[in-house]
S.K.: 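Input: one structure, supplied below.
Below, all heavy atoms of this structure are taken into account, side chains as well, without hydrogens, waters or symmetry copies. Small disclaimer: the values here were computed from a predicted structure and weren't measured. Atoms within a ligand are numbered from 1 in the order they appear, just like the ligands themselves.
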Amino acid sequence: MMINKLRLQNFRNYQDQIVQFMPGTNILVGDNGQGKTNLIEGIYYLLTGKSYRVQREQELLRWEKSEFHLYGDFLLAHHKIFLESHYRDKKKMVKINQIPCQRLSDFVGTINVIFFSPDDLVMIKGGPSERRRFLDLHIAQMRPGHVSILNAYNKVLQQKSALLKTYVEKSLKYSQLQLWNQQIIELGEKIIRNRTDLTLRIQDVADQIYANLSSQKEKMEVIYIALGKKNIDEAISEFPQLLNDKLEQEIERQMVLVGPHRDDVQILLNDKPARLFASQGQQRSLVLSLKLAELEIIHQEKREYPLLLLDDVLSELDSFRRDYLIKFIESSSIQTLLTMTSAEPNLESGAIYHVEQGHIRRKP
Ligand SMILES: Nc1ncnc2c1ncn2[C@@H]1O[C@H](COP(=O)(O)OP(=O)(O)OP(=O)(O)O)[C@@H](O)[C@H]1O
Ligand SMILES: [Mg+2]
């Protein structure tokens with residue numbers, strides 16, 4: 001998969017910019033605050049319908065402007081694909097090959113993307129929601145139906161929570177809550193199975209990459225923990241009972257306490273929780289292994305590598321890990337866009353672009 005051309009109009013600090021990208025490595029060089037991350041964010045938004053930085057489109061609008069437009073020419077299995085994303089009158093609209101898409105899930109996953117920035121270290125040290133998000137974003141790219149399941153599940157959660165909040169005063173029947181529980185179980189099981197499948201595949205690949213990164217001295221493990229259990233079948237068969245057991249507590253606390261919205265992914269380093277014990281360098285290796293595993297899994301599934309967007313990553317890695325990553329990129333057919341504040345001497349090939357105050361020009 002490849003991006004040939006990108007046009008950003010009134011997106012962040014870009015007024016109207018066209019960039020032509022090359023196969024292989026594309027290096028975006030510029031001082032702080034010039035628009036490197038904004039460009040990466042634009043591509044990510046065009047491909048996923050979401051920004052990883054902000055929730056609201058309003059913040060992506062160039063200041064004082066009321067609409068933004070993104071256009072991209074991509075290559076997938078030697079076919080050209082033209083994607084557009086428009087935000088106008090507070091509404092967003094996406095098109096594939098000029099045909100509007102009804103739902104975002106028709107659009108996401110057309111061209112796959114792996115994004116990696118220093119903020120991704122929260123996957124190790126942050127709370128469970130960061131790790132669930134990592135899995136869900138990845139699954140959504142391979143199985144767009146996952147987004148609909150998640151949305152439906154979240155809606156049921158909201159409805160059940162609303163009912164829990166009024167439970168006492170309205171003296172509603174137990175059976176009404178049971179009805180929502182039934183849906184929580186049905187949708188929840190699908191979410192748990194999708195996440196478990198992906199975690200197992202990640203484990204297979206990441207384990208090997210981590211071993212190489214640590215010169216075979218350390219091992220990592222990723223395990224999906226569903227409803228507090230490692231054994232997924234057991235968790236799913238006990239799901240109804242768990243919901244029943246917690247009902248009193250749910251009414252008391254007015255929130256849904258059982259379900260995959262509270263699951264976690266355990267990341268172990270030499271059999272111990274990485275969240276508690278991994279050093280800075282080990283955390284970086286873990287995240288790098290997880291990201292490269294994602295890349296390989298998409299390649300296995302789609303027979304093509306996704307785009308790889310690396311924002312500010314090289315400066316965060318020590319020379320061993322940096323060389324590993326650069327070799328990985330250069331030895332594969334992955335198109336990579338990476339940002340940095342000064343040119344990286346170890347990169348042997350690649351097109352270089354200068355980014356300055358929302359203007360990009362390719363260095364001859
Ligand atoms: N909605 C917006 N409209 C106009 N300009 C914006 C908007 N949002 C951010 N900016 C400007 O964009 C610039 C930041 O761009 P960006 O985050 O891409 O920088 P960068 O080149 O990645 O810098 P660094 O090397 O520090 O990461 C800032 O100058 C900021 O003021
Ligand atoms: Mg930046």
S.K.: Mind checking whether G30 has an N or O less than 3.5 Å away from an N or O of ligand 1?
M.R.: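 By distance alone, the answer is no.
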S.K.: With under 30° as parallel and over 60° as perpendicular, where do the rings of Y71 and F82 fit, or are they tilted in between?
M.R.: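 Ring orientation, 0 to 90° scale: parallel.
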S.K.: Applying the side chain to side chain donor-acceptor pair (under 3.5 Å) test to Y224, which of Q266, R195, K230 qualifies?
M.R.: R195
S.K.: So that I can tick it off, tell me whether D136 and R133 are bridged by a salt bridge, with the cut-off set at under 4.0 angstrom between side-chain N and carboxylate O.
M.R.: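 No.
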S.K.: Backbone, side chain, both or neither: what part of E41 comes under 4.0 angstrom of ligand 1, heavy atoms only?
M.R.: neither
S.K.: Answer yes or no: does an N/O atom from T37 fall short of 3.5 Å to an N/O atom of ligand 1?
M.R.: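 Yes, T37 has an N/O under 3.5 Å of an N/O on ligand 1.
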S.K.: Does the residue L39 have a heavy-atom contact with ligand 1, meaning some pair of atoms that are separated by less than 4.0 Å?
M.R.: no
S.K.: Does W63, backbone or side chain, put an N or O under 3.5 Å from an N or O of ligand 1?
M.R.: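 So ligand 1 has an N or O lying under 3.5 Å from an N or O of W63.
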S.K.: To which protein heavy atom is atom 18 (O) of ligand 1 closest, and what is the distance rounded to 0.1 Å?
M.R.: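 The protein heavy atom lying closest is N38 N, 2.8 Å.
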S.K.: Decide if atom NZ of K327 counts as having more than 12 heavy atoms of other residues, nucleotides or ligands within a radius under 6.0 Å.
M.R.: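 Atom NZ in K327 is not packed in, count stays at 12 or less.
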S.K.: Would R53 count as a contact of ligand 1 if the rule is a heavy atom under 4.0 Å away?
M.R.: yes
S.K.: What atoms of ligand 1 come closer than 4.0 angstrom to any heavy atom of E59?
M.R.: 1 (N)
S.K.: Using a 4.0 Å heavy-atom threshold (strictly under), name the region of V355 that reaches ligand 1: side chain, backbone, both or neither.
M.R.: neither
S.K.: What I want to find out is whether R131 reaches D264 closely enough, with some N-O distance under 4.0 Å, to be called a salt bridge.
M.R.: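 Yes, charged N to carboxylate O under 4.0 Å.
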S.K.: Is it the case that ligand 1 has an N or O less than 3.5 angstrom from some N or O of L60?
M.R.: no
S.K.: Would you mind checking if K190 and E186 are paired as a salt bridge, meaning a charged N to carboxylate O distance below 4.0 Å?
M.R.: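 No, no charged N to carboxylate O under 4.0 Å.
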S.K.: Among E64, Q34, R12, which one has a heavy atom closest to atom 9 (C) of ligand 1?
M.R.: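 Minimum heavy-atom distance to atom 9 (C) of ligand 1 goes to R12.
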S.K.: Do you see an N/O/S atom of N32, backbone or side chain, under 2.8 Å from the Mg ion (ligand 2)?
M.R.: no
S.K.: Which protein non-hydrogen atom lies closest to atom 25 (O) of ligand 1, naming both residue and atom, and how far is it?
M.R.: K36 NZ, 2.7 Å
S.K.: Please confirm whether the ring centroid of Y87 lies under 6.0 Å from the ring centroid of Y45.
M.R.: no
S.K.: Quick one: does ligand 1 sit under 4.0 Å from the side chain of T339, the backbone, both or neither, non-hydrogen atoms only?
M.R.: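 Neither part.
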S.K.: Given G35, P118, G33, which has its nearest heavy atom closest to atom 23 (O) of ligand 1?
M.R.: G33
S.K.: Please determine, by modelled atom types, if Q178 and N244 share a side-chain donor-acceptor pair under 3.5 angstrom.
M.R.: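 Yes, side-chain donor-acceptor contact under 3.5 Å.
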S.K.: Considering only NZ, NE, NH1 and NH2 on the basic side and carboxylate oxygens on the acidic side, decide whether D204 and R201 come within less than 4.0 Å.
M.R.: no
S.K.: Fit a plane to each ring of F328 and Y324, take the angle between them on a 0 to 90° scale, and name the class: parallel (under 30°), tilted (30 to 60°) or perpendicular (over 60°).
M.R.: parallel
S.K.: Could you tell me which atoms of ligand 1, counted from 1 in the order shown, lie closer than 4.0 angstrom to a heavy atom of L61?
M.R.: 1 (N), 2 (C), 3 (N)
S.K.: Using a strict 4.0 Å cut-off to heavy atoms of R62, name the atoms of ligand 1 that fall inside it.
M.R.: 3 (N)
